Amino acid sequence: MCRHLAFLGPPTPLATLISAPEHGLLRQSWAPRRQRNGTMNADGFGVGWYAAEDPVPARYRRAVPMWTDQSFADLARVTTSTAVLAAVRSATPGTTPDEAAAAPYTSGKWMFSHNGRIDNWPRSAETLAATLPPARLLALEARVDSALLWALVLERLQSPDYGVQHSAADVLARVAIDAAAASPGRYNFLLTDGTTIAATAAGDTLFWRSDNRGTVVASEPSDDDAGWHEVPDQSLLVATSHGVDISPISHVEMEPALR
Ligand code: GLN
């Protein structure tokens, strides 16, 4: 299913990350190289980025294929950022087709994307949905499995325990574990607040590259550079300006009081 990408680094044009690389997200919208499920990502796209001195990201989403949007090509050429999250979408059957369903999903400083699906949506998602307060369910941005998973992440990020006992990366891993336990599916997530990227590899492909151009975490490499590393399945990746850390997703099971 979808392809997504997160970036942290020196100020970089969106085009350098998304459209300029030979096999970047733009090309991946019609010809991904490593996608195991689905062949194209033409059901919309979204890009979110942080501007200097504003903790809340800007977001541009459309329901059309990325390659058809001339306005985005212009925007990407002149917009630079130190932290970006972008995705091209291959919609899961039975989900909202409009731009409200395209990642990134946002709340305050957070941006989130889901590459994968809850199998047999929506029936199989009932157990997960039942763990959320009704107000959270009513506030879902779109009828799509990814919006439900984002609500589960946000519920934990906004709980009084958050930050005391656990980090955003713990939250992400916890939701991937809980979702997989409640329903079979693929749960590759990206979460950023503009200074840290947390990512899960849980059923789909994930790669990273870090050098003086910055750190990119992406569903697949955007070129044939030797610096790309594949993340093993069932891993949690955390990237900051200090480096990239990868651990088995199950380690989060040992964290106390994550529910
Ligand atoms: N299930 C999500 C959607 O429908 C993500 C799909 C994907 O990874 N292709 O948008």
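Just follow the structure's listing: the first ligand is 1, and inside any ligand the first atom is 1. All of these numbers come straight from a predicted model, not from anything done at the bench.
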> What atoms of ligand 1 come closer than 4.0 angstrom to any heavy atom of Cys2?
Replying inline: 5 (C), 6 (C), 7 (C), 8 (O), 9 (N)
> Do any N/O atoms on Thr92 end up under 3.5 angstrom from N/O atoms on ligand 1?
Replying inline: yes
> Going by distance only, is there an N or O of Val144 that falls short of 3.5 Å from an N or O of ligand 1?
Replying inline: no
>> Closer than 4.0 Å to some heavy atom of Ser146 - which atoms of ligand 1 meet that?
In response: 1 (N), 2 (C), 3 (C), 5 (C)
>> Would Ala101 count as a polar contact of ligand 1, with the cut-off being nitrogen or oxygen pairs under 3.5 Å?
In response: no
> Testing Arg34, Arg3, Arg36, Arg209 for salt bridge (charged side-chain N to carboxylate O under 4.0 Å, His left out) with Glu220, which one passes?
Replying inline: Arg3
>> Distance under 4.0 Å to a non-hydrogen atom of Arg89: what atoms of ligand 1 satisfy this?
In response: 3 (C), 4 (O), 10 (O)
>> Within the 4.0 Å heavy-atom shell around Thr95, which atoms of ligand 1 are there?
In response: 4 (O)
> Can you tell me how far CG of Leu172 sits from CG of Asn188, rounded to the nearest 0.5 angstrom?
Replying inline: 10.0 Å
>> So that I can tick it off, tell me whether Asp204 and Arg186 are bridged by a salt bridge, with the cut-off set at under 4.0 angstrom between side-chain N and carboxylate O.
In response: yes
> Going by distance alone, is a donor N or O of one side chain under 3.5 Å from an acceptor N or O of the other, for Arg27 and Ser222?
Replying inline: no
> Atoms of ligand 1 less than 4.0 Å from Ala91 heavy atoms?
Replying inline: 4 (O)
>> Suppose I only count heavy atoms of His114 and a 4.0 Å limit; which atoms of ligand 1 are within that range?
In response: 5 (C), 8 (O)
> Can a donor-acceptor pair be found between the side chains of Ser146 and Arg89 at a distance below 3.5 Å?
Replying inline: no
> Does the ring centre of Phe112 sit less than 6.0 Å away from the ring centre of Trp150?
Replying inline: yes
>> Suppose I only count heavy atoms of Asn115 and a 4.0 Å limit; which atoms of ligand 1 are within that range?
In response: 8 (O)
> Are Tyr50 and Leu85 co-members of a hydrophobic cluster defined by side-chain heavy atoms under 4.5 Å apart?
Replying inline: yes
